[in-house]
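Whatever order the structure lists them in is the order used to number ligands and atoms, beginning at 1.
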Amino acid sequence: MGSKQRIEGNVTGVSYHESAVDRLKRVNDEISAAAKAANRDAESVQLIAVSKTFDAEAIRPVIEAGQRIFGENRVQEAERKWPPLRAAHPDLKLHLIGPLQSNKAKEAVAFFDAIHTIDREKIARAIAAEMAKQDRTLELFVQVNTGEEPQKAGVMPRDAAAFVALCRDELKLPVKGLMCIPPVDEEPAVHFAFLAKLARELRLSGLSMGMSSDFEAAIAFGATYVRVGSAIFGTR
Ligand SMILES: *Cc1c(COP(=O)(O)O)cnc(C)c1O
């Protein structure tokens, strides 16, 4: 105990006596190395620090270490935790990465800077209406259910082109790119490659993919946002 050495063989690469700031630094180094290995600029990959379930006390040091983009998966949890942190750091960006109900569209548009989980017409229309009403523009991602898992959110791959067209052409939504969460029991690289190809076909430049266990592979396949939680904040 007290040693700063990393415990090897730990599945998440997280050792509990390291601080979140130590782990943030390591994740940033790993992102830079993965970008370099893929012949990409490190600046082309942005880290979303996923702070869901962690309270303001746990988040504050990570903000003070320079991290500016955070991800939350519930509107209400974010509204409870973030106002004081945001007041102290007005340049923070908050991304909604969890499923959204259309009755929360108003709050989500008012509170977040980006939403990664647009996946059905009702939500797309509710977000479009709220952005117009509130005169706010959020960065939006369409979630694709690349594994076609029945229990998982996201538009089916075969419906993605029509759904993106609806969002972009009819509703005039600023769709930046595509997002996926690969099935837990499958090789993530296959899903990242698939999502990257789909985004190219749809002429979308953003790719929100890669979590603690697989962000380096996601970067190799072109991720522009990686969403990393436990590798920074520890086990939830
Ligand atoms: C929780 C979550 C993450 C982060 O997962 P970790 O494995 O803790 O890095 C990323 N994306 C989404 C959509 C999540 O819900």
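Taking a heavy-atom cut-off of under 4.0 Å, ligand 1 is surrounded by Val50, Lys52, Ile97, Met179, Ile181, Met211, Ser212, Arg227, Val228, Gly229, Ser230, Arg236.
Within the cation-pi definition used here (under 6.0 Å to the ring centroid, within 45° of the axis), Arg227 does not qualify as a partner of Phe215.
Between Leu204 and Val175 there is a side-chain heavy-atom pair separated by less than 4.5 Å. Between Met179 and Met209 the shortest side-chain heavy-atom distance does not fall below 4.5 Å. At least one side-chain heavy atom of Leu85 sits less than 4.5 Å from a side-chain heavy atom of Arg60.
Across every non-hydrogen atom of Asn145 and Pro157, the tightest pair is O-CD, 3.4 Å.
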Under 3.5 Å, sequence neighbours excluded: what are the donor-acceptor pairs made by side chains of residues 194-202?
unit_1	atom_1	unit_2	atom_2	d
Lys197	NZ	Glu201	OE2	2.9

